[in-house]
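Since the structure comes first, as structure tokens, the remarks are kept for the end.
All of these numbers come straight from a predicted model, not from anything done at the bench. Heavy atoms only: backbone and side chains are in, while hydrogens, waters and symmetry mates are out.
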Amino acid sequence: MTPTIPSGLQAALEERGLISVLEPAARAGGAATDGLCRDLAQVDWEMLDRQRRALGAGPPGASGQLSPPPLAPPSTLEGPETEAAAARGWEALRAGRVAVCTVAGGQASRLGFDGPKGAFPLAPVSGASLFQLMAGQVARLRQRSGAPVPWIIQTGPDNHDSTQRFFERRSWFGLGRASVRFVCQGTLPALAPDGGLLLASPDRLFRNPDGHGGFYRALRADGAFRQLRQAGIDLLFYCQVDNPLVRMGDPAFLGHHLLHGAEMSVKVVEKTEAKEKVGLVALVDGVASCIEYSDLPDALAGQRAEDGGLRFRAGNIAIHAFGLDFAERVAETDLPLHLARKQVLALDGGLVAVARDGVKFETFVFDALPLAARAVVQMCDRAEEFAPVKNRSGGDSVLSSRQALDRRNRAWLASAGAGIAVPPSGWLEIQAGLALDRADLAARRGELRPACGGRLLRAD
């Protein structure tokens, strides 16, 4: 029996000159054509048209007058401004208005680990995973605020099931199944350089995850916006899973966002080198935006401010706050498409995938910044809040991230005045969830107990 191609699908393919995508399935026989038709039925044709137009356009870039943004002070900097912001943030947390969100769609293959990146055992003494370190912070936020503080974790198509199993086997780290929500990001079809559709197999398109910019649409598709609103939540904290130093639900950051009536806010670290390869937050014609470091002309990149630091210094570290209304609005908006041209395993005239040229598409979460009527850009202390683990060795590696954690732990303990002797060498680890910051640790100094030869601090 010859499979029937739905008339609407056939028309959509013919209109775009893509009808030949059905040929390998026809040759493969069996259920291949039916399978491919089911896959093609999920294609957003308007988005596909945008992707094909983007092939002939230049990369999204900054165009306009560039200037540095005003910077809110770090949460670690004591003073009236920080105190007022922290008070407002805690008020929102206690009122149950906040959910924390973590993007964790990647695998840890670059770290030599088979599993979701969040499952990587980063803590050097206990072996606690990135997920466990963050879960501890969520638990401590709940303890101090007295509010449920839901945790939304965005997974990817390749690790959604394994991430859920990881949490199930660890009893949700004590957080409770009902308060941890997994939302899977979407995908986009990859294209051939000439705009044709690529096939991973005769019955399946070659797709790739749609980037962290898919966060907004993933929440919409999952029904999360409606349920969050019903729970009284109107503020989202966002981070990525690879940064163990992140301050989950940082009250001062949320407070700055609220006090300024912002729709979207972003944390940054100070760039110390003009050529550091990190996205830059700047004002483009007065509007907060994140631009590629390569889009900043050398003459501007090297400019110095009166304090001797770089004039353009706000390095993006993928920590944001959003109003729920704003995030929901962005979910209905077409964010810029970013292209990655690379070799992919796809069919090329035969029925077996081979290496060939392809183009992947993704969107970036920070490209929503220019859409915000107001935005706060908050500086933070890199040593306190940013040590991503991206590579097996070298910069931003497992070792450099562990070293940053160790240095921060030692600084926190020293300022806590707990009188606990800690070996001068080797790792010092603080139990996940023991404290949100150095002030919180100091407040618990009477509960601290060393374990594992003094290398792990626990609470009574």
Side-chain angles (χ1 to χ4, degrees), residues 69-103 133-134 136-138 140-142 144-145 147 149-152 212 215 233-270 278-279 281 288 290 313-327 365-366 368-369 372-388 408 412 435-441:
L71 300 172
S75 301
T76 51
L77 183 65
E78 297 180 358
E81 191 174 353
T82 300
E83 290 175 8
R88 184 63 179 273
W90 277 116
E91 181 182 304
L93 283 158
R94 293 186 182 107
R97 294 174 54 192
V98 179
V100 294
C101 309
T102 301
V103 174
L133 296 176
M134 291 184 168
Q137 290 194 58
V138 175
R140 184 61 177 158
L141 271 177
R142 293 178 181 180
R144 291 193 56 186
S145 67
V149 191
W151 188 15
I152 298 173
H212 45 68
F215 167 78
I233 290 167
D234 62 1
L235 182 58
L236 305 179
F237 174 91
Y238 168 102
C239 66
Q240 296 183 356
V241 77
D242 62 3
N243 179 18
L245 265 60
V246 63
R247 292 180 173 224
M248 300 279 280
D250 178 9
F253 178 49
L254 296 176
H256 283 301
H257 175 88
L258 292 168
L259 288 170
H260 287 83
E263 290 188 308
M264 179 175 179
S265 296
V266 55
K267 279 197 179 191
V268 296
V269 293
E270 182 172 2
V278 61
V281 178
C290 185
R313 67 182 68 180
N316 180 29
I317 58 171
I319 298 175
H320 298 284
F322 314 97
L324 190 67
D325 287 345
F326 176 76
V365 69
F366 50 71
L369 258 179
R374 294 185 184 86
V376 169
V377 183
Q378 185 194 24
M379 182 60 72
C380 69
D381 182 344
R382 189 187 296 243
E384 283 279 332
E385 301 193 47
F386 187 57
R408 192 183 73 171
W412 283 14
L436 295 174
D437 53 36
R438 65 177 67 207
D440 195 20
L441 188 70

Practice task
Check side chain to side chain donor-acceptor pair (under 3.5 Å) between Asp437 and all other residues, then give those that pass, not counting sequence neighbours.
Solution key: none
Problem - Pro251: side chain to side chain contact (heavy atoms under 4.5 Å, CB included) partners, not counting sequence neighbours - result: Trp90, Leu93
Handout entry: salt bridge (charged side-chain N to carboxylate O under 4.0 Å, His left out) partners of Arg382, counting only residues at least two apart
Key = Glu276
Practice task
Return the minimal non-hydrogen interatomic distance between Pro150 and Val98, and the atom names on each side.
Solution key: CD-O, 3.5 Å
Please table the atom pairs, donor to acceptor, closer than 3.5 Å between any side-chain atom in residues 76-89 and protein atoms at least two apart or in another chain.
{"residue": "Thr82", "atom": "OG1", "partner": "Leu77", "partner atom": "O", "Å": "2.6"}

Exercise for the section: Find out whether Asn243 and Ile319 are in side-chain contact, i.e. whether some heavy atom of one side chain is under 4.5 Å from a heavy atom of the other. Expected result: yes
Problem - Minimum heavy-atom distance between Pro74 and Cys380, given as atom pair plus value - result: CB-CA, 3.9 Å
Handout entry: Atom CZ of Arg374 with >12 non-hydrogen neighbours under 6.0 angstrom
Key = no
Problem - Heavy-atom side-chain proximity of Val138 to Arg142 below 4.5 angstrom - result: yes
Exercise for the section: Sequence neighbours left out, what passes salt bridge (charged side-chain N to carboxylate O under 4.0 Å, His left out) with Asp381? Give chain and number order. Expected result: none
Practice task
Output all residues satisfying ring pair (Phe, Tyr, Trp, His ring centres under 6.0 Å) with Tyr238, sequence neighbours left out; order by chain, then residue number.
Solution key: Phe215, His320, Phe322
Problem - Residue list, salt bridge (charged side-chain N to carboxylate O under 4.0 Å, His left out) with Arg140, at least two apart or on another chain - result: Asp440
Fill in the blank from the handout: Residue pairs passing the side chain to side chain donor-acceptor pair (under 3.5 Å) test with at least one member in residues 248-268, sequence neighbours excluded, are Ser75-Asp250, Asp250-Lys267, His257-Ser265, Glu263-Arg329, Lys267-Glu385
Fill in the blank from the handout: Taken in chain and number order and not counting sequence neighbours, the residues that satisfy ring pair (Phe, Tyr, Trp, His ring centres under 6.0 Å) with Phe326 are none
Practice task
Would you mind reporting whether Val100 and Trp151 have side-chain heavy atoms less than 4.5 Å apart?
Solution key: yes
Practice task
For Glu270, check salt bridge (charged side-chain N to carboxylate O under 4.0 Å, His left out) against everything at least two apart and list the hits.
Solution key: Arg313
Handout entry: Residues in side chain to side chain donor-acceptor pair (under 3.5 Å) contact with Arg247, at least two apart in sequence or another chain
Key = Glu384
Problem - Residues that Phe237 engages under ring pair (Phe, Tyr, Trp, His ring centres under 6.0 Å), provided they are two or more places apart - result: none
